[in-house]
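Treat the numbers as computed from the prediction; the structure is a model and nothing was measured.
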Amino acid sequence: MAMSMPFPARNPNTQTDEESAPAPSNSTKVVPQDLAVRLICPDCNRNPPNLVEEYGSGDVVCADCGLVVGDKIVDTRSEWRTFANDEGDDPSRVGGPSNPFLSTADDFSTVISFRDNHTGTARDLQRASQRAAQKGGEKNLANAFRDISNMCDLIQLGRTEVETAKQIYKRVEDLKLLRGKPMEAVIAACVFVACRQGKVPRTFKEICAVTKVKKKTMGQCFKALEESLQLYGDGSTAYTGSKGHTAEDLLPRFCSHLGLMVAREVILRAQAKGILAGRSPISVAAAAIYFGGHLIGLGLETTDAKGRKTKRVDGMRLKKIADETGVSDVTIRNAFKFLKEQKEDVVDPKWFEESSRVKANFDWLPAA
């Protein structure tokens, strides 16, 4: 009697990978698990699919046409049951959540009670159980995944970037791509590649600030990682390289903190004219913020009720911009000097019209 598959192939006449695969040999190349497999309804062909998991019957059903796409699925949600003799709820969790990046063969583990009448036996049993429940390689993977999650939390990345960084690190470990490199540097490089893949602008300096890795070491790991991923990429998980962030990509993040969005036009015009060519994107973004803010009067001094002078917007102080962007005030001032010398080429003439919502004046620019 043929066994039904939990997730059958779209064409039932086609052979599965296990049936068509040749017999394993010592020379066979180990292909890593493809974590990007997606299940799509063959009748609707809707992308993304509108699938519903019915745990009561164990089926995966298309919500649009009602076709049963998969069957015999496992309910991975938390199971709350009580085996106590007394009445009442006993919120005991049975098993932990499954991790798709780790092996699922040894997911079930035994929890040793702490109650041993102060003999110390429970502590010894717990240590032995933890050593036996997790393999050495998976223990290193679990520690690396925890470090990736902590690092992504510090630089405020989303769940998508966290999962992408974990997937890249697992591929690195499976293929042994960066042997001899420090684990912290490899993790930092994986997070940086995930940021670029997700189009989330983060700089080398920001990632190095939350680790003990030097910028040079991280750059070496990042370059080696990209070359290795392009060489060993295959199928739907092929890696095609990442594009560096531009000053325009970095601008919205810093402007959201400083309350300014005028600098985008300054950057676009400066790039078209070749002004500030060769400077880092973060330096160009910081100089554009400083130039654009003072151009529309956000850097003007005002006097409060007590007669104290202060900036109209606190974020227009050079020190404040340097702290937010991570660029030194000397670098910002030097780049600002080039923008001021060619100020007619980097501003929109409509800003100086009376009917314009943006009121600009060259006299509000500070001395270089």
Side-chain angles (χ1 to χ4, degrees), residues 155-158 192 195-196 198-209 242-302 309-368:
I155 57 178
Q156 299 177 356
L157 294 180
F192 188 76
C195 291
R196 284 195 171 184
K199 301 186 185 306
V200 179
R202 292 294 186 273
T203 61
F204 266 20
K205 187 178 294 186
E206 289 181 275
I207 296 181
C208 291
S242 59
K243 183 181 178 181
H245 301 302
T246 62
E248 186 181 358
D249 298 331
L250 296 170
L251 188 65
R253 251 183 70 229
F254 299 126
C255 287
S256 63
H257 292 290
L258 298 170
L260 174 68
M261 289 303 294
V262 181
R264 181 176 181 272
E265 185 70 22
V266 176
I267 291 178
L268 294 177
R269 290 176 177 268
Q271 291 176 346
K273 295 292 182 179
I275 305 173
L276 300 180
R279 294 182 178 269
S280 63
I282 186 65
S283 302
V284 176
I289 292 173
Y290 188 64
F291 179 89
H294 284 83
L295 181 67
I296 61 177
L298 297 182
L300 296 177
E301 290 187 350
T302 57
K309 291 185 177 181
T310 182
K311 296 288 184 182
R312 178 181 169 189
V313 175
D314 182 66
M316 284 302 101
R317 292 186 295 109
L318 186 60
K319 180 64 175 175
K320 179 70 173 179
I321 297 177
D323 293 340
E324 291 287 348
T325 58
V327 183
S328 65
D329 51 354
V330 177
T331 304
I332 298 176
R333 191 179 292 109
N334 291 337
F336 169 78
K337 183 165 56 175
F338 286 100
L339 291 177
K340 189 176 181 181
E341 291 175 356
Q342 305 184 47
K343 54 188 177 183
E344 289 82 4
D345 297 331
V346 298
V347 299
D348 190 351
K350 296 181 180 179
W351 293 348
F352 298 91
E353 297 178 359
E354 295 183 359
S355 59
S356 176
R357 294 193 306 171
V358 178
K359 303 299 180 180
N361 193 335
F362 286 137
D363 296 335
W364 295 337
L365 295 176

So which atom in [X] and which in [Y] form the shortest heavy-atom distance, rounded to 0.1 Å?
X	Y	value
A335	A287	CB-CB, 3.5 Å
R279	F338	NH2-CE1, 3.2 Å
V327	S283	CG1-OG, 4.0 Å
A286	I321	O-CG2, 4.0 Å
P366	K340	O-NZ, 2.8 Å
F362	V347	CZ-CG2, 3.7 Å

Atom pair [atom1] ([X]) and [atom2] ([Y]), whose distance is rounded to the nearest 0.5 Å:
X	Y	atom1	atom2	result
R269	D345	CZ	CG	9.0 Å
T325	I289	OG1	CD1	6.5 Å
E344	K273	CD	NZ	11.5 Å
K320	D329	NZ	CG	15.0 Å

Does L157 reach the side chain of R202, with side-chain heavy atoms less than 4.5 Å apart?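 Heavy-atom side-chain distance check passes, below 4.5 Å.
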Hey, does E265 have a side-chain heavy atom less than 4.5 Å from the side chain of W351?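 The answer is yes; the side chains approach within 4.5 Å.
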May I have the step-by-step check of side chain to side chain contact (heavy atoms under 4.5 Å, CB included) for L339 and Y290, ending in yes or no? CA-CA 10 Å; L339 291 177; Y290 188 64; over 6 Å; no
Students often mix this up, so state it plainly: with edges at 30° and 60°, are the rings of F291 and F336 parallel, tilted or perpendicular?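 Rings of F291 and F336: tilted, as their planes differ by 30° to 60°.
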For atom NZ of K199, decide whether the heavy atoms of other residues, nucleotides or ligands shown that lie under 6.0 angstrom number more than 12.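 No, NZ of K199 has 12 or fewer neighbouring heavy atoms, counting only those of other groups under 6.0 Å.
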Apply side chain to side chain contact (heavy atoms under 4.5 Å, CB included) to residues I275 and E341 and explain how you reach the verdict. CA-CA 10 Å; I275 305 173; E341 291 175 356; over 6 Å; no
Run the side chain to side chain contact (heavy atoms under 4.5 Å, CB included) check on R333 and L318 step by step: do they pass? CA-CA 8 Å; R333 191 179 292 109; L318 186 60; 3.0 Å; yes
Just by distance, do the side chain of K205 and the backbone of G326 share a donor-acceptor pair under 3.5 Å?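 Side chain of K205 to backbone of G326: a pair is present.
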